[in-house]
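Counting from 1, the numbers follow the sequence of the chain as shown.
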Amino acid sequence: MSLQRAMLQNFVYDALPSRVVFGAGSLDKLLDEIRKLDVHRALVLCTPEQRAMGADIAARLGAHSAGVFDGGAMHVPVETAAAARDKAQRLGADCCVAIGGGSTTGLAKAIALTSGLPILAIPTTYAGSEMTPIWGLTEGGMKRTGRDSRVLPKTVIYDPVLTLSLPVATSVTSGINAIAHCVEALYARDANPIISLIAEEGIRALAGSLPMIVKRPSNLEARSNALYGAWLGGVSLGAVGMALHHKLCHTLGGTFNLPHAETHTVILPHAVAYNASAAPEAMEIITRVLGARSAAEGLYDLAASLGAPVSLQMLGMARDELDRAADLAVQNAYYNPRPITRDGIRNLLEDSFHGRRPR
Ligand code: NAD
């Protein structure tokens, strides 16, 4: 059913304040953007793998750089957060510039959470964290997350040139991670027509551009469209609540140490198949955008055609862990369009483990 034909439900729409500077070469505007924020000593954050990018940012900032912290790590271990906070304080930083994926943005958020320092984010993956007020911290293998308006980056520079170096396999899974944000936004409890438009456009942009990136990773037009889709995915994730898919991936990532974007890629078609009967409008939108027979089949076929992993087995999960995963996944109640049952989740995990194409 199109939004035009559907009877509009009452809704609440919360616009999140952030400034976006988008396009190839927009990194050249970094100093202008720092001045607009009225800050003077930026701590540059990156991962060890992106040290060269971090150094380039510091060089561009010149006298506005307080230094570089290059210890960003997946899921923001509390020890890393403590070390980065300490460095920010010692250097007298008055803002953070995060260049990288969700791990680096997450580190900037950890600093902002306790210090209130503003963040300028320069995303180089499609994870979308830069558009959300969601933070995450991991201690002793347990990841805690929360929402706090202080951690929402003030400015985001999206320069697709920076994504040219993102390996194809990572581009694909990171892009499907962004599609997952859009998909769950369409059937969120607090879904609204603005975010649904954004989410639909996000799926369109990513599903159209990822095959082109696989064919030619240096295709700047495709890289631009994918980053645009990633932005829309981040907006979707930040604006409305997520459901089964994100909760399940959180459990699998946290407890079984499965890789973030790859896990999203494997689970998405199965979570969508699980919810299909309870969210017909969302399914119709996804099916139409993908030009598929059903939303779940379309998402599965997209991942498979891009050469992405399609089974938990491929990610190294052991079959005898599925029961515990199902137990954990039903432990805490949360909203989902279709009621969560232990049997239903166990079947979903079985299908995901084998990488079966959803019917
Ligand atoms: P990542 O940030 O861990 O990056 C993966 C690897 O790719 C890193 O080694 C990184 O340095 C490298 N990399 C990134 N961009 C590159 C580029 N252009 N060229 C070459 N290498 C590059 O991975 P991710 O998937 O972006 O982020 C995952 C993390 O983000 C998870 O911890 C997840 O929970 C979190 N996340 C949080 C939110 C939120 O709203 N809080 C949203 C999405 C993801």
Side-chain angles (χ1 to χ4, degrees), residues 20-31 33 42-61 65 68-76 80 96-108 119-131 153 155-179 181 202 205-234 259-265 303 306-309:
V20 168
V21 180
F22 190 98
S26 54
L27 186 57
D28 292 345
K29 305 205 175 103
L30 174 61
L31 259 186
E33 292 303 321
L43 177 64
V44 178
L45 303 169
C46 62
T47 61
E49 295 81 19
Q50 288 178 285
R51 197 166 278 146
M53 279 187 179
D56 175 54
I57 296 299
R60 284 170 182 264
L61 288 169
S65 166
V68 179
F69 181 92
D70 60 12
M74 186 73 105
H75 302 316
V76 196
T80 309
C96 292
V97 172
I99 177 141
S103 299
T104 304
T105 309
L107 182 58
I119 301 171
L120 185 152
I122 309 170
T124 62
T125 70
Y126 307 132
S129 174
E130 65 283 353
M131 296 311 296
T155 304
V156 180
I157 297 180
Y158 283 109
D159 189 335
V161 173
L162 297 170
T163 64
L164 291 173
S165 57
L166 192 63
V168 168
T170 318
S171 302
V172 167
T173 53
S174 187
I176 295 177
N177 183 195
I179 290 179
H181 306 333
L206 285 154
S209 56
L210 293 177
M212 295 163 77
I213 290 173
V214 169
K215 248 188 224 147
R216 193 163 64 86
S218 62
N219 181 336
L220 192 56
E221 190 187 334
R223 290 288 188 179
S224 273
N225 285 332
L227 198 57
Y228 167 64
W231 168 31
L232 303 182
H260 176 80
E262 289 86 342
T263 306
H264 272 263
T265 303
L306 296 172

First locate atom [atom1] of [X], then atom [atom2] of [Y], and finally report the distance between them rounded to the nearest 0.5 Å.
X    : Y    : atom1 : atom2 : result
H260 : S174 : NE2   : OG    : 7.5 Å
N219 : S209 : CG    : OG    : 9.0 Å
L206 : L232 : CG    : CG    : 8.0 Å
T125 : L162 : OG1   : CG    : 11.5 Å
I157 : F22  : CD1   : CZ    : 12.5 Å

Worksheet item: A205: what forms a side chain to side chain contact (heavy atoms under 4.5 Å, CB included) with it, not counting sequence neighbours?
Response: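 Here the qualifying residues are Y228.
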Discussion item. Just to verify, what does L43 make a side chain to side chain contact (heavy atoms under 4.5 Å, CB included) with, not counting sequence neighbours?
Written reply: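 For L43, the residues satisfying side chain to side chain contact (heavy atoms under 4.5 Å, CB included) (neighbours in sequence not counted) are L45, F69, K87, A88, L91, A93, I111.
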Worksheet entry | Partner residues of R51 under the salt bridge (charged side-chain N to carboxylate O under 4.0 Å, His left out) criterion, sequence neighbours left out |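 For R51, the residues satisfying salt bridge (charged side-chain N to carboxylate O under 4.0 Å, His left out) (neighbours in sequence not counted) are D70.
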Fill in: Test side-chain contact (heavy atoms from CB on, under 4.5 Å) applied to Y126 and V172, L227, N177, I179, the passing residue
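Only one option passes, and that is L227.
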Item to complete: Please determine which of L306, I176, L166 meets the side-chain contact (heavy atoms from CB on, under 4.5 Å) test together with S171.
Response: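 Of all the options given, the one that passes is L166.
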Worksheet item: Are Q50 and T104 linked by a side-chain donor-acceptor pair shorter than 3.5 Å?
Response: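 The criterion, which ignores hydrogens and geometry beyond distance, is not satisfied for T104 and Q50.
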Discussion item. Keeping T265 on the side-chain end and A261 on the backbone end, is there a donor-acceptor pair under 3.5 Å?
Written reply: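 It does hold such a pair.
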Side-chain contact, heavy-atom cut-off 4.5 Å: [X] with [Y]?
X    : Y    : result
V97  : I99  : no
V21  : Y158 : no
R223 : I213 : yes
S165 : M53  : yes
P309 : T173 : yes

Closest approach of [X] and [Y], non-hydrogen atoms and distance?
X   : Y    : value
L30 : I57  : CD2-CG2, 3.9 Å
V76 : S103 : CG2-O, 4.1 Å
C46 : V68  : SG-CG1, 4.1 Å
A98 : T105 : CB-CA, 4.2 Å
S65 : V44  : OG-CG2, 4.4 Å
P48 : G72  : CD-O, 3.5 Å

Worksheet item: Which of parallel (below 30°), tilted (30 to 60°) and perpendicular (above 60°) describes H264 and H181?
Response: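 Aromatic pair H264/H181 classed perpendicular.
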Worksheet entry | Criterion side chain to side chain contact (heavy atoms under 4.5 Å, CB included) on V161 and L27, from CA distance to verdict | CA-CA 9 Å; V161 173; L27 186 57; over 6 Å; no
